[in-house]
Amino acid sequence: MPISYEIALAQMTPISGDISGNLAKMEIIANECKQKFPNVRLLLFPELCTTGYVLSETLKGVAQAWDGFIFQRMSRLAQKLQLYIAYGYVEKDDEVKLYNSLILIHPSGQCVGNYRKIHLTPFEKAWFTPGSKPVLVDTELGRIGLMICWDLAFPELARHLAVHGAELLLVPCAWESPFHEPFQKFAMARAIDNTVYVAACNQTGQSFPFHFFGLSSIYGPDGNEIASTNNDQEALIRATIDENWRQELKQTFYTMMNERRTDVYQGVEWT
């Protein structure tokens, strides 16, 4: 297992309902990432980036199974570039229920994690079924926890993932104006709360009535921002995930995870 590795976030503006156009843009971004940052091992795209953040009947037409043509195309891209690729999409199950989902693809092209958003916003509840299972993925890079956007506002999910060994939380987002500060504060809190890295990749642009402000950021296990776009423009950012440093923090000042009073918490359901 590597001591450190690089990840990148692709802050982008999807086109609502245009899967073909969005996949083409994602391929361009991924190729640019590989050329610009050849040492990057994992690339994260925003929430629902393959379809745009649309909350309408359009969802039924763009939804597909996890292994549908979106996955097939992104799988080929992951193999070609030898990258872990994570992206948001509208998932349809066998019962034709819709989910706001995040998939993580291995450089071999295999799906290694598929997560259905557990905490839906009030707007999303009319269209999506909430997920019910936290997802952790063991990779050559370490153990990765999957979350989506509004999940950041719920400490229990991040804590569950961290208690079960997550070192990095991937959080694709479609976080809208004017809620810039909560977005940044929640991500920072989840990082320092659990002494983990948090990668929050946000959309940009507009999907009526929402305007997405970007500000994609990567936070270190001390809660400090280590990379950010600082704006609402399409951009790539990268940072190094250093597991040695994270472990050092856990053994020195940031010892909270090692000193949890589980004897007191017994019986609390979310633990």
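One is the number of the first residue; the rest follow in order along the sequence. Only heavy atoms go into these numbers, but all of them, side chains included; no hydrogens, no water, no symmetry mates.
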Hey, does [Y] have a side-chain heavy atom less than 4.5 Å from the side chain of [X]?
{"X": "Arg260", "Y": "Val163", "value": "yes"}
{"X": "Trp150", "Y": "Trp175", "value": "yes"}
{"X": "Tyr219", "Y": "Ile192", "value": "no"}
{"X": "Asn100", "Y": "Trp127", "value": "no"}
{"X": "Leu168", "Y": "Leu141", "value": "no"}
{"X": "Asp151", "Y": "Val171", "value": "no"}
{"X": "Ile226", "Y": "Tyr197", "value": "yes"}
{"X": "Thr129", "Y": "Leu98", "value": "no"}

Quick one: closest heavy-atom pair of [X] and [Y], and the distance?
{"X": "Tyr89", "Y": "Gln64", "result": "CE1-O, 4.0 Å"}
{"X": "Cys173", "Y": "Phe183", "result": "SG-CE1, 3.7 Å"}
{"X": "Ile118", "Y": "Pro134", "result": "CD1-N, 3.9 Å"}
{"X": "Asn22", "Y": "Gly52", "result": "ND2-N, 3.9 Å"}
{"X": "Gln203", "Y": "Pro46", "result": "CG-CB, 3.6 Å"}
{"X": "Arg143", "Y": "Gly165", "result": "CB-O, 3.4 Å"}

Spell out, yes or no, whether [X] and [Y] are grouped together once hydrophobic residues are joined by side-chain heavy atoms under 4.5 Å, including indirect joins.
{"X": "Val62", "Y": "Phe123", "answer": "yes"}
{"X": "Leu215", "Y": "Leu236", "answer": "no"}
{"X": "Leu42", "Y": "Ile103", "answer": "no"}
{"X": "Met147", "Y": "Leu104", "answer": "yes"}
{"X": "Leu23", "Y": "Tyr84", "answer": "no"}

Exercise for the section: With side chain to side chain contact (heavy atoms under 4.5 Å, CB included) as the test, would you mind laying out the steps for Val112 and Ile144 before giving the verdict? Expected result: CA-CA 11 Å; Val112 290; Ile144 297 173; over 6 Å; no
Could you give the distance from [atom1] ([X]) to [atom2] ([Y]), rounded to the nearest 0.5 Å?
{"X": "Leu146", "Y": "Leu161", "atom1": "CG", "atom2": "CG", "value": "8.0 Å"}
{"X": "Ile70", "Y": "Ile19", "atom1": "CD1", "atom2": "CD1", "value": "4.0 Å"}
{"X": "Glu234", "Y": "Thr204", "atom1": "CD", "atom2": "OG1", "value": "5.0 Å"}
{"X": "Ser207", "Y": "Leu55", "atom1": "OG", "atom2": "CG", "value": "7.0 Å"}
{"X": "Ile148", "Y": "Leu48", "atom1": "CD1", "atom2": "CG", "value": "7.5 Å"}
{"X": "Cys49", "Y": "Met12", "atom1": "SG", "atom2": "CE", "value": "5.5 Å"}

Keeping the roles fixed (side chain from [X], backbone from [Y]), state whether a donor-acceptor pair exists under 3.5 Å.
{"X": "Tyr254", "Y": "Met257", "result": "no"}
{"X": "Ser217", "Y": "Ser228", "result": "no"}
{"X": "Arg73", "Y": "Glu27", "result": "no"}
{"X": "Asn194", "Y": "Val196", "result": "no"}
{"X": "Lys117", "Y": "Cys149", "result": "no"}
{"X": "Asn202", "Y": "Ser216", "result": "no"}
{"X": "Thr255", "Y": "Asn258", "result": "no"}
{"X": "Arg246", "Y": "Pro221", "result": "no"}
{"X": "Ser56", "Y": "Thr58", "result": "yes"}
{"X": "Gln11", "Y": "Ala235", "result": "no"}

Problem - Lys NZ or Arg CZ of Arg41 over Tyr5 ring: under 6.0 Å, within 45° - result: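 No, Arg41 does not lie over the aromatic ring of Tyr5.
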Exercise for the section: Go through the steps to decide whether Glu225 and Asn230 satisfy the test side chain to side chain contact (heavy atoms under 4.5 Å, CB included), and finish with yes or no. Expected result: CA-CA 11 Å; Glu225 185 181 274; Asn230 293 317; 4.0 Å; yes
Problem - Verdict with reasoning, Leu83 to Val40, per side chain to side chain contact (heavy atoms under 4.5 Å, CB included) - result: CA-CA 8 Å; Leu83 275 176; Val40 162; 4.0 Å; yes
Fill in the blank from the handout: Residue set satisfying ring-ring contact (aromatic ring centres under 6.0 Å, His included) with Phe37, at least two apart, ordered chain then number -> none
Problem - Set of residues satisfying salt bridge (charged side-chain N to carboxylate O under 4.0 Å, His left out) with respect to Glu248, sequence neighbours excluded - result: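 Partners of Glu248 under the salt bridge (charged side-chain N to carboxylate O under 4.0 Å, His left out) test: none.
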Exercise for the section: Name all pairs fulfilling the ring pair (Phe, Tyr, Trp, His ring centres under 6.0 Å) condition that reach into residues 43-66, sequence neighbours left out, sorted by first residue then second. Expected result: Tyr53-Phe210, Tyr53-Phe212, Trp66-Phe71
Practice task
Begin with the C-alpha distance, continue with both residues' side-chain angles, and end with the deciding distance and a verdict on side chain to side chain contact (heavy atoms under 4.5 Å, CB included) for Thr139 and His106.
Solution key: CA-CA 8 Å; Thr139 75; His106 189 274; 5.7 Å; no
